[in-house]
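Chain naming here is simple, since letters A, B, ... match the order of the sequence lines and numbering starts at 1 in each.
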Amino acid sequence: MSSLPEINVIELLELGVVRIHNRKPGGSASIELKRPPPPASNSGSRLDVIEGRAPDKPMAATPERADKMTAPILEIRNLHARIEEREILKGVNLIIPPGKVHAIMGRNGSGKSTLSYVLAGKEDYEITEGEVLLNGQNLLEMDPSERAAAGLFQAFQYPIEIPGVATMTFLKAAMNAQRKARGEVEMSTPDFMRAVKIAGTDLQIDTGMLKRPLNVGFSGGEKKRAEVLQMALLQPKMCILDETDSGLDIDALQVVSKSINALRSVGRSMLMITHYQRLLNHIVPDVVHVFSDGKIVESGDKDLALQLEAKGYADFDGAAA
Amino acid sequence: MTVAGLPTRRVESYHYTDLKTLLRVVPPLAKAASQASAPALRVAGAFQLMIANGAIQSSTAAPAGVIVGHAKGSVLSKRDDVLVHLNGAFAKDCLTLTLEGNVDPVIQIDHCTEGDAAHVVDSLKIFVADNASAVILETFSGSDTAHIGNHASYLALGKNAIVTHIMVNLSAKATTHFATNEYALVAGAKLRTLTIHAGAALSRSQVFARFAGEGAHADFTGLNLVEDGQHNDITIDIRHGAAHTTSQEMYKQIARGRSKAVFQGKIVVERDAQKVDAKMMMQGLMLSDQAEIFSKPELEIYADDVVCGHGSTCGKLDEDSIFYLMSRGISKVEAEIMLVRGFIAEVLDPIEGEALNEALNSVVDGWLQGV
Amino acid sequence: MADYDHIPMLKENIDRATVDSVLSLDVDKYKYGFETDIESDMAPKGLSEDTIRFISAKKNEPEWMLEWRLEAYKRFLTLTEPTWAKVHYPQIDLQDMYYYAAPKSTPAPTSLDEVDPALLAMYDKLGIPLKEREILAGVERPNVAVDAVIDSVSVVTTFREELAKVGIIFCSISEAIREYPKMIKKYLSSVVPVSDNYYATLNSAVFTDGSFVYIPKGVRCPMELSTYFRINEKKTGQFERTLIIAEADSYVSYLEGCTAPMRAESQLHAAVVELVAMENAEIKYSTVQNWYPGDKDGKGGIYNFVTKRGDCRGANSKISWTQVETGSAITWKYPSCILRGDRSRGEFYSIAISNGYQQVDSGTKMIHLGKNTSSRIISKGIAAGFSDNTYRGQVSAHARAKNARNFTQCDSLLIGDKCGAHTVPYIEGRNGSVIFEHEATTSKISDDQMFYCQQRGLNEEEAVALIVNGFVRDVLQHLPMEFMVETQKLIAISLEGSVG
Ligand SMILES: Nc1ncnc2c1ncn2[C@@H]1O[C@H](COP(=O)(O)OP(=O)(O)OP(=O)(O)O)[C@@H](O)[C@H]1O
Ligand SMILES: [Mg+2]
């Protein structure tokens, strides 16, 4: 690492020709040059590069640098987090530029959901080291609702059931709360109903379901679809999708993927946590990361997912140990 | 009068509401109120009866099917209970309502206790004819002095009668509020009750109900909202005296500040009352560290072919739910209020009629302002 | 240091011996209701200072113990019998009772001829061999350490030497009073105060025997400790006193089995059991109680008024009560836990079966005092015949018991339409961070279940026994192996005559 001046990493990333390995304890990375990736299927942008692991130390956010490159939406540096005395995140580094879709794959229990909870601001975790910036703002200083207003959205792996609160009431409250926080005017009920109807139709969600209490008695797949519905309505800048594909039947996977793809835009980035390459056929990621034992140990293009599917995680075992 | 005969915690039914310590002073019996007061709740289109300091003060024109009358003597059945005894001893005149057919407007009876600290005793007897239906709302409010109100009502439901009876206690902060409701149900009668406590320093509401005819069903529900300095008690005694009768009891208690909420609920299934289905639930929600919630749900079952049960839970707002709502941009305070409303919805939502439902929601809103 | 070599051998034998010897000690003879021919040395009839002095003298007690008893007696004279339980019985005449009876010699051999044939049949069903005499004579060593009490005096204590090797003390309470006065002074009545309740105070004045167990720091008791109580003399009240102390990081499992011979007169039984668990210690206390419940008309039977309480004194300590109550005319019993230590845990698993004219009022109290304490209650009540079966339980978290948690499941089953099943929980959250969950159900055996079993060839009684065994399964699994087998049979016997 010392051989590579910090700023250069970003430049290399910009050039799209690095592949990052993290095989040493303590989280320092080695970077090797790789062949340029094939153009991503969904867009031909020159920014379709392999981004990845950012340096451990914060970068000097000089205005000059910000001008030179597109400022990332999400920057995670050397993030360590623990729960009940146990360290789960052991130095996560990740940079996601605008409009990019990154995927994280990794064994059960490796800490993927923990990462998404920590980003969303769940209180149970203690952050012992590192920093997270969302559009340059210090995310870790905000409470969960402020993070949401700042544009962060997490589609949960296990969406919680909230009895007594009608889904519709909740959706409206959430939308207007975010608008209020951003100084925008509240949405009128007809506008809101229209928006819900459109998003619901796309996701093939029966609006009758939205009169029921939030997630209560929803099937596994319905819950996941309701999460994507919320995402579509709230129009976040940074979406974290934690195993949104699990629990979906084959047709539903298509429907949901279509909605998610429709939400891809220059101003919106996504982080998809998944176990299945199948999802990545539908939503083609720009970058794939392998998560192991609390950190990213390998990053690559979408082919990395294919490689994982074929060989499993064994190659990466011990990578972080 | 003296307080010598008041029950202590050793009396099982007053285990958590020791009147001997809680009730130190009993003010003199109330005199007629000098001023008219505004009812605590407004329900558009309701037939209104104002009872001030125990006497009828005003009333709108009685709608079709409602006959207003008077009677002497105690309205409650004799039982070994101090509030029942006291009500019987002091209630002079009781208001009677006879209801026939489908009474359309909400029958709203507002009990107001006005002036200096007084001991107000009133009673009400309602007969609902066979096949009749009605919605009865009683409110309790008044001036903020150390009143004691001891209110009683007896409600007899005829065959297949359908009644909703709502009691809203909005008594002022310094007062003591006692209410005893007795219900008698014959074959096919359907009853829904809702007790909301959102007032008084000390409250106790008692429900005594007995199913005497097959096919009768009742939902007994309540909302015990307590805040700093309050002690509210809901005690119910539900007796299934006939076969094929069913009941559901659903009570929610929310406590904040340094307060006490008490629920005691007993379901008795008598010897030959086979095929009874009775389920009781008490859910307590603690919104502060000094909140105290007590619950004593009892089953006393003497018939074997029954399905009976009760549940009782107590806890604070679910952290994960708060986090979920916040992660969607809803502020913490809003998220909490939303969850409290969700918690309450189960007892408020079944109340039909938009105007009435709105009025009840406004009571909850008023209370929630302080969360 | 302790010699652990013998332990595996013992362990192995415990399993094998389950049915052979342990059961024979417990259920068999008393089910027959014969009287062991032991010449008693009786105290004067009735309750008085003289009786207490007599007991204390008989036990060679030090002066301070006599004083302690007399103090309790004075206290007792100021108390009145509690009436809140849902039980009804004729006034007990404490003056028409003997408070002490000791066997003068070892029990004479008895033969099956002395046994009531009706009870013999029941015995057959249990399939338990009669070996008690041999065990008591030391011929055959049971593989459970037994401190057998015949009418108030500890007759045989086995395995003491083995236990002593690891520093465990297991002896009669009388012996402990003589040998370990320091410990007795420190712990006796430290969990159940002398003036705790009417029956506990009476016990404090007149207790005659019981067990004392001391598990030193860091020791895992290598075997299940067990005491068998018998009530053998006519009109003898049995007042045992048990004290178990588990020092830090120790573990002990204690089994208590109780049987009593047939009696025409009702008999009073008022025991006190105190458990103390220090830091990280665990005590598991299991009881099978199948004393004489009275005859088919509700005459006779034991009156069982017991105070059992455990004190989780140390952080992370755990006390678990498991009980199977099938006997006694009246049961008044609430094994409780005081969760004083932070993160301590209390458990109560109970099966209470009542038939005939039995009255059961039993349950538990979980008193949460420390932070992050938790408790769990599983109670299964089965009422048949003309009986009344009440669960009465208290779960209370005090103001400082932050994050106290309780889960309670309380199910009642009614067999027949002349019995009653009742549930009376007191749930008290005195701070805002408690999480309590309580659930209770009452139902009968469904016709579908009965039909299914009968269709598979079981007769009605067998079907009921099978279904009831399923109903109580959640509790059964918490019993030590020794008791599990026995309990299943006991359930069948207890419910005899409840159908048809
Ligand atoms: N509240 C908690 N207390 C203790 N450990 C926890 C807690 N929550 C999570 N963990 C542990 O943290 C580790 C990471 O969990 P996480 O849910 O982040 O894994 P994951 O990578 O999302 O797994 P999966 O693929 O199964 O969803 C697991 O070992 C889990 O048991
Ligand atoms: Mg996960």
Can you tell which of B/Glu12, B/Glu300, B/Glu249 makes a salt bridge (charged side-chain N to carboxylate O under 4.0 Å, His left out) with B/Lys266? B/Glu300

Out of C/Ala421, C/Pro425, C/Ser443, which one racks up the most heavy-atom pairs below 4.5 Å with chain B?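 Option with the top pair count is C/Pro425.
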
Among C/Ser396, C/Ala440, C/Gly420, C/Ser446, single out the residue with the greatest number of heavy-atom pairs under 4.5 Å to chain B. C/Ala440

Criterion salt bridge (Lys or Arg N to Asp or Glu O under 4.0 Å) on B/Asp237 and B/Arg239, from CA distance to verdict: CA-CA 7 Å; B/Asp237 182 310; B/Arg239 277 165 203 268; 3.0 Å; yes

If only side-chain N and O atoms count, and only distance matters, is there a donor-acceptor pair under 3.5 Å linking C/Asn372 with C/Asp342? no

Could you check whether B/Thr17 and B/Asp233, counting side-chain N and O atoms only, form a donor-acceptor pair closer than 3.5 Å? yes

For [X], is it the side chain, the backbone, both, or neither that has a heavy atom closer than 4.5 Å to a heavy atom of chain C?
X        : result
B/Gln264 : neither
B/Tyr16  : side chain
B/Ser295 : both

Excluding sequence neighbours, so at least two apart, what forms side chain to side chain donor-acceptor pair (under 3.5 Å) with C/Asp411?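 Partners of C/Asp411 by the side chain to side chain donor-acceptor pair (under 3.5 Å) criterion, ordered by chain and then number, come out as C/Lys380, C/Gln409, C/Thr441.
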
Within the distance-only criterion (no hydrogens, no angle test), does the side chain of B/Gln253 pair as donor or acceptor with the backbone N or O of B/Val262 below 3.5 angstrom?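 Answer holds: yes.
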
At a heavy-atom separation under 4.5 Å, does C/Ala399 approach chain B through its side chain, its backbone, both, or neither? neither

Cut-off 4.5 Å, heavy atoms of chain B, and the answer for C/Asp447 is neither

Contact leader toward chain C among B/Gly309, B/Gly315, B/Cys308, where contacts are heavy-atom pairs under 4.5 Å: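 Looking at each option in turn, the highest pair count goes to B/Cys308.
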
